[in-house]
Amino acid sequence: MSEQVRVRFAPSPTGHLHIGGARTALFNYLYARRQKGVLVLRLEDTDAERSTEDSARMILDDMKWLGLDWDEGPKVGGPYGPYRQSERLDLYRAQQERLLETGHAYYCFCPPELLESKRKQAMERGDAQPKYDGTCRTLPMPEARARAAAREPHTLRLKIPDSGSTVIHDRVRGTVVFENKIMDDFILVRTNGLPTYNFAVVADDAAMKITHIIRGDDHLSNTPRQICLYQALGERLPVFAHIPMIMGPDRSRLSKRHGATSVNAYAEDGYLPEAMINYLALLGWAFDDKTTLFTRQALIDKFSLKKVSKNAAIFDPAKLLWMNGVYIRSLSPEEYVKRALAELLKARLLSEPLDEPARAWAEKAALTVKEKIKRLAELPQSMAFYFGEEVECDEAARAKLEQAKEHPEVFKTLHAKMTVLKSFSIQALEALMQELITAADIKFGVLVHPLRAAITGRVNSPGIFEVLELLGQERTIKRLAAGLKSVGIEV
RNA sequence: GUCCCCAUCGUCUAGAGGCCUAGGACAUCGCUCUUUCAAGGCGACGACACGGGUUCGAAUCCCGUUGGGGACGCCA
């Protein structure tokens, strides 16, 4: 009760943080914060082939982008470091020695090719679970030690009890029982001397005093092995909580072929971390029957493992997109403008240095599309017409523009009056156009639609008056004249 | 194949034996607001996988079937 909760997120640095990993990290983060515990970040890089420094950096960046800060781990340190497995080899060596001494582990000299072929045969025969046949299990220790000392290639295996069962008391799955006899004497240390995943996790989780292991469902069947290892090591078992996996639309494990699956890809597409967090939280967890929008703090206040669901969830980009729109719209103007300008700079629609008037103008312009976009990355596209002198009409706009021919005089007058307008403001423009439609006895749309087409090159845009004001008199007149000319109306 | 897990609208889910004529959200489709497009408002469509039990009563408990997923590596 009084013991402090310690959870961990332990990705292997083999690429960007992906959706599934992010969700696991999030649940650990929320649980830690909710319980006023500690979140440890540990890099599982014992696979030297696949782990890269770049990946490590990217994962850390992705975590930061999401705002999932860790209390112990790379960059921040902590009392149980180092926090990458490649730097903890001494610890594993000490532990393996202990296991050897207590008789829980043994040397195995079986060559990998032999094991591989035996496994294949077993599979083909359609045998029960293929498992190590225990050839080296009964090797006398002195002999094994001598062979190992003579540099004969070997691995270390854990002796699994051949009878009885191992039971997991899982916080989300309940009680799960595995018969020990279906388990392998699995490898703890590879021929190259590096620990395997199962060995390193347990050694580290124990050493780092992890109290709760919250991780993907795919690890459930590893858990009995790990429990055996905890027991062999004489360590206390943590609480396990296996959260459901995230699948692609075809119900197979979410992977690259399902499109963007890395957190980073969403960051670049203009998703807000707040939206990502909110959406991810709802994948496998729900607070009640009504609430879908949660601030980070609300998530922390309300998160509980009891409410984590058991079934796998399909990742739905459409809902994420919707939610992102909600978050963009709910941004304060200041907050929004800050992010929007960064996006425009990135797209080179703006360039630094930005003087005050230019900045103020860009901010106003960006604000006009705030309600319309669902991703920040849509900004350059949706604001394109604000930039440059001329504008190119798309097909739909072309058609609208043609309609100006039905009232050529009105548009000529519009052009003439705009040219001499003293103050090119929303109010003045509105008054002017009001006057024109009244005089010509036409509907607002008859005037607005072709005008919009000529000015923005499209059939939809923010409010036309704001657009005109922002664009300014000169460019407006120029574009209007060009547009009218293109449909045969000379001004 | 063996072991393990899971099973409510197309999707994410609420639901711990009577509150369920099964609730919410996304998507879809209408209508509405409107100078356009979004957004918003209103509404529609839409699910307890199947079969047996248990019980006065089952989406909820038990068993089986089917379906999906995961694990079975000197990957993590």
Side-chain angles (χ1 to χ4, degrees), chain A residues 10-12 14 44-47 49-51 108 110-112 115-116 119 122-131 153-157 168 170 173-174 176-179 182-184 186-198 200-201 216-225 242 244-245 247 249 251-253 279 282-293 307 309-323 325-326 329 369-374 382 396 400 430 433 437 443-449 451-453 456 458-465:
Chain A
S12 52
T14 56
E44 310 226 318
D45 56 351
T46 55
D47 184 353
E49 303 276 289
R50 299 197 306 151
S51 302
C108 173
C110 297
L115 297 172
E116 183 61 29
R119 186 165 38 237
M123 280 286 209
E124 273 159 21
R125 248 182 291 131
D127 268 14
Q129 197 132 339
K131 51 181 271 193
H154 63 275
T155 60
L156 250 41
R157 289 183 184 268
I168 307 171
D170 192 282
R173 318 281 5 155
V176 184
V177 182
F178 287 84
E179 294 302 320
I182 64 147
M183 272 191 270
D184 228 11
F186 68 92
I187 293 177
L188 299 169
V189 180
R190 306 183 253 232
T191 310
N192 66 9
L194 292 175
T196 57
Y197 162 74
N198 279 310
V201 233
D217 220 356
D218 47 338
H219 290 286
L220 188 61
S221 30
N222 276 322
T223 309
R225 287 176 234 287
H242 286 94
M245 308 202 35
M247 323 293 268
R251 296 209 164 272
S252 73
R253 203 185 179 123
Y279 177 72
L282 260 22
L283 241 34
W285 175 84
F287 174 65
D288 59 13
D289 59 341
K290 302 222 149 51
T291 326
T292 23
L293 265 16
K307 295 226 144 218
S309 82
K310 292 199 234 276
N311 32 353
I314 292 174
F315 179 73
D316 180 9
K319 190 161 183 176
L320 207 212
L321 183 62
W322 163 79
M323 196 172 274
V326 171
R329 275 175 263 129
V369 298
K370 183 178 179 226
E371 310 295 307
K372 299 177 177 296
I373 57 168
K374 290 205 170 92
S382 60
K400 280 289 175 202
E430 204 166 349
M433 288 173 61
I437 61 164
K443 283 200 192 163
F444 212 31
V446 175
L447 184 59
V448 166
H449 296 318
L451 175 62
R452 181 195 312 281
T456 68
R458 316 193 208 155
V459 293
N460 53 53
S461 76
I464 190 67
F465 303 117

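As a basis for the values below, the full set of heavy atoms in this structure was taken, side chains included, without hydrogen atoms, waters or symmetry mates.
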Give me the distance, rounded to whole Å, that separates [N] from [M] when you measure between the [atom1] atoms they each carry.
{"N": "B/rG30", "M": "B/rG46", "atom1": "C1'", "result": "15 Å"}
{"N": "B/rC6", "M": "B/rU60", "atom1": "P", "result": "15 Å"}
{"N": "B/rU11", "M": "B/rC50", "atom1": "C1'", "result": "23 Å"}
{"N": "B/rU8", "M": "B/rA76", "atom1": "C1'", "result": "34 Å"}

Nearest to the A/L220 side chain among B/rC74, B/rA14, B/rC4, which nucleotide is it?
B/rC4
Does the protein touch nucleotides 33-46 of chain B at the base, only the backbone, or not at all? Give it as B, S and - per nucleotide, heavy atoms under 4.0 Å.
--BBBBSS------
Rounded off to whole Å, could you give me the [atom1]-to-[atom2] distance for the [X] and [N] pair?
{"X": "A/D218", "N": "B/rG73", "atom1": "CG", "atom2": "P", "value": "15 Å"}
{"X": "A/Y197", "N": "B/rA71", "atom1": "OH", "atom2": "C1'", "value": "12 Å"}
{"X": "A/D289", "N": "B/rA59", "atom1": "CG", "atom2": "C1'", "value": "15 Å"}
{"X": "A/L115", "N": "B/rC74", "atom1": "CG", "atom2": "C1'", "value": "9 Å"}

Test of understanding: with ring pair (Phe, Tyr, Trp, His ring centres under 6.0 Å), list the residues that count as partners of A/F178, not counting sequence neighbours.
none
So what does A/T46 touch, heavy atoms closer than 4.0 Å: a base, only the sugar-phosphate, or nothing?
sugar-phosphate
Sidechain-backbone polar pair: A/Y279 side chain, A/F315 backbone, donor-acceptor under 3.5 Å:
no
Heavy-atom donor-acceptor pair, A/T191 side-chain to B/rC74 base, under 3.5 Å:
yes
